[in-house]
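What you see below is based on every heavy atom in this structure, not just the backbone, and it leaves out hydrogens, waters and symmetry mates.
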Amino acid sequence: MQLGLSGRRALVTASSGGIGAAVAGRLAAEGCSVLVHGRDEARATAVADGVRAAGGEAEVVLGDLTDGAAAAEVAERARSVDVLVNNAGPFAEHDWETAEPSDWLDAMNSNVLSAVRLIRVLAPPMRERGWGRIINVGSRAATTPLPNMVDYSAAKAAVVNMTTGLARHLAGSGVTANTVSPGVIVTAGMRRLFEERAVAQGRPAPWGELEQRLLAEYAPNASGRLGTEDDIAAAVAFLASPLAGYINGIDLRVDGGVTGVP
């Protein structure tokens with residue numbers, strides 16, 4: 001499907017691996033020139049090289065978005081982008097007993113303020129040009145808070161709220177703002193986490209068997225499978241396109257239906 005993104009320029013944060021790398025690759029395949037962002041130069045360069053090898057255009061920009069000065073440098077490199085995908089947002093496992101105030105602050109800084117720092121710089125030029133797409137990556141935890149990720153869940157809820165407010169702020173400008181909220185997505189890191197956890201629990205299993213166990217015990221959903229990086233990349237690419245111009249301020253849950261499963 002031709003999404004009409006040829007000639008556009010996009011910044012995808014935290015795209016040196018996982019979901020971000022898949023999003024960068026998909027946008028490049030649709031004709032975007034992509035800025036691959038990360039903190040590890042070797043990993044970011046490998047993703048950019050992969051994009052170029054597939055016939056796309058890619059550059060690398062490095063910087064820690066939790067640091068104001070570093071984020072400002074990234075934003076300066078990206079001033080001309082038409083599409084901003086705020087994918088950066090690490091998580092840590094804390095419950096109400098173990099989450100310290102500093103953990104809550106870290107969750108807000110890395111998930112919310114990392115996006116705000118870029119939006120404040122990159123949204124005004126989009127508005128002046130009369131076209132732009134801002135897509136913030138949330139989580140199913142925003143609407144179904146996870147008891148072992150209380151600070152992360154709250155931060156992702158803030159991302160959803162912030163995005164809706166941003167869409168209203170940009171009303172009539174030609175710039176849209178939306179959230180994509182993944183469910184359980186099998187990235188290489190997530191698969192390794194589940195495999196190591198199964199070993200620690202004394203329940204190791206081949207991945208196919210382990211995935212079925214996760215579906216039954218951890219993430220039951222109406223689609224009957226766990227998500228892939230490509231599931232998220234496809235949703236982001238559509239929202240980034242001119243075809244999605246009448247979609248604004250939404251939280252698109254790409255979670256297989258897990259949000260509605262008790």
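Checking side-chain atoms of N178 against main-chain N and O of I250 turns up a donor-acceptor pair under 3.5 Å. Judged by distance alone, the side chain of T98 and the main-chain N or O of H94 form no donor-acceptor pair under 3.5 Å. The backbone N or O of V36 sits nowhere less than 3.5 Å from a side-chain atom of S15 that would complete a donor-acceptor pair. Between the side chain of R52 and the backbone N or O of A58, at least one donor-acceptor pair lies under 3.5 Å. Checked by atom type and distance alone, the side chain of N221 pairs as donor or acceptor with a backbone atom of R225 at under 3.5 Å. Under a 3.5 Å cut-off, the side chain of N111 and the backbone N or O of A107 do form a donor-acceptor pair. At distances below 3.5 Å, not a single donor-acceptor pair connects side-chain atoms of D95 with backbone N or O atoms of P147. Within the 3.5 Å criterion, the main-chain N or O of A88 finds a donor-acceptor partner in the side chain of T13. Formation of a donor-acceptor pair under 3.5 Å by the K156 side chain with backbone atoms of T143 is not found in this model. Put simply, the side chain of R213 gets close to the backbone of R203: a donor and an acceptor are under 3.5 Å apart.
Separation of atoms CG (L239) and CG (L3) is listed at 10.5 Å; rounding is to 0.5 Å. Note that CG of N136 is 7.0 Å distant from CG of L84, once rounded to the nearest 0.5 Å. To the nearest 0.5 angstrom, L62 atom CG is 5.5 Å from E41 atom CD. The distance from the CG atom of D251 to the OG1 atom of T163 is 8.0 Å, given to the nearest 0.5 Å. Between S241 atom OG and I247 atom CD1 the span is 8.0 Å, to the nearest 0.5 Å. Rounded to the nearest 0.5 angstrom, D64 CG and H37 NE2 are separated by 7.5 Å.
Because its NZ or CZ atom is both nearer than 6.0 Å to the ring centre of W131 and within 45° of the ring axis, R133 counts as a cation-pi partner of that residue.
A salt bridge is absent between E73 and R77; no separation between the charged side-chain nitrogens and carboxylate oxygens falls under 4.0 Å. A salt bridge links R197 to E93: one of the charged nitrogens lies within less than 4.0 Å of a carboxylate oxygen.
When the options V121, L118, L122 are evaluated for a side chain to side chain contact (heavy atoms under 4.5 Å, CB included) with V74, the one that passes is L118. Results of the side chain to side chain contact (heavy atoms under 4.5 Å, CB included) test with L11 over V85, V81, V34 single out V81 as the only residue that passes.
Other residues, nucleotides and ligands contribute over 12 non-hydrogen atoms within 6.0 Å of the CZ atom of R191. R129 CZ: more than 12 foreign heavy atoms inside a 6.0 Å radius. Open room surrounds CZ on R168; 12 or fewer heavy atoms of other groups in view lie less than 6.0 Å from it.
Side-chain contact, N86 with R117: no donor N or O sits under 3.5 Å from an acceptor N or O. Remark: the D40 side chain and the S16 side chain contain no N/O donor-acceptor pair separated by less than 3.5 Å. In this model, no donor atom of one side chain and acceptor atom of the other lie less than 3.5 Å apart for T164 and N161.
Contact of the N87 side chain with the V23 side chain is not registered, since no non-hydrogen atoms from C-beta on lie closer than 4.5 Å.
V51 is not connected to L5 by any chain of hydrophobic side-chain contacts under 4.5 Å among Ile, Leu, Val, Met, Phe, Trp and Tyr, and they are in different clusters.
Ring-plane geometry between W96 and W104 is classed as tilted, the angle between the planes lying from 30 to 60 degrees on a 0 to 90 degree scale.
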